[in-house]
Amino acid sequence: MKRTYLITLCLLASLFSMAQTQVVAHRGYWRTEGSAQNSLASYRHADRIGCYGSEIDVWITRDGTVMVNHDPGYKGVVLETATTSEAKALVLSNGEHMPTLEEYLQTAKKGKAKLVIEIKTHKDLWRQNVCVDKVLELVKKYKMTKRVDYIAFSYAAVLRLIEKAPKGTEVYYLSGDKSPAELKAVGCTGPDYNENVFLTKHPEWLNEFKQLGLKINVWTVDSEENLRYFIKNGVEFITTNEPELLQKLLKE
Ligand code: MG
């Protein structure tokens, strides 16, 4: 009896350690008809094909609205210094107007895919702090806490998220310059590092992060060769512009 129990435990443990890599669509699934980076359509497409997560980038306007867009500005309008109405009037390449985070949360609430929210590095740290706080408030308002992971290049944003987000919230650091021990020490969920950090700069970090029990996300992996490499190395998440290719490789 004891032996059967032990064997079951071992089997379960090996199953957990073999957990499959999850697919995160970079800026949503935008390389498909009718979509555009960071559009509501890009979330719906990521959700439709069954991605684990859909990544988006956020900025706060000078009057306190969180907008979804990658670059600091769009068509000459700088989001940090723009008003809400100036930002909302911007039209994306698929014809949608630039979404607010609130619209994004309403859309994601109807889907299954998680949102991976990247807090962009604002020029003004105070504004960036306001952005972090506002994002957390909106996610709470829409009862989406368990369906949102956070990422940021700014270490200040990462530390603020770790301090202020509800316990259990996953927060990843993007810049690639902190060691496994450093991220572990501050309570970060793990790295979300550029593929080259693991491929060339610090190949040893893949094992070191695993040994410390941190989860690994890698961006932005688009080539088949590199996708295969990270699947083989058992990273928890791959962020890609080619979610359907990654899904195909994961089924092999
Ligand atoms: Mg991003």
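Just so you know, ligand 1 is whichever comes first in the structure, and atom 1 is the first atom listed for that ligand.
Here the N, O or S atom of E55 that is nearest to the Mg ion (ligand 1) is OE2. Nearest to the Mg ion (ligand 1), among the N, O or S atoms that E118 has, is OE1. Closest N/O/S atom of D57 to the Mg ion (ligand 1): OD1.
For the residue pair T240 / D222, a side-chain donor-acceptor distance below 3.5 Å is found, with atom types taken as modelled.
For the pair K109 and Y142, the cation-pi criterion (under 6.0 Å, within 45° of the ring axis) is not fulfilled.
For the atom pair OH of Y172 and CZ of F237, the computed distance is 4.0 Å after rounding to the nearest 0.5 Å.
Residues passing the side-chain hydrogen bond (donor to acceptor under 3.5 Å, both in side chains) test with K215 are E170, sequence neighbours excluded.
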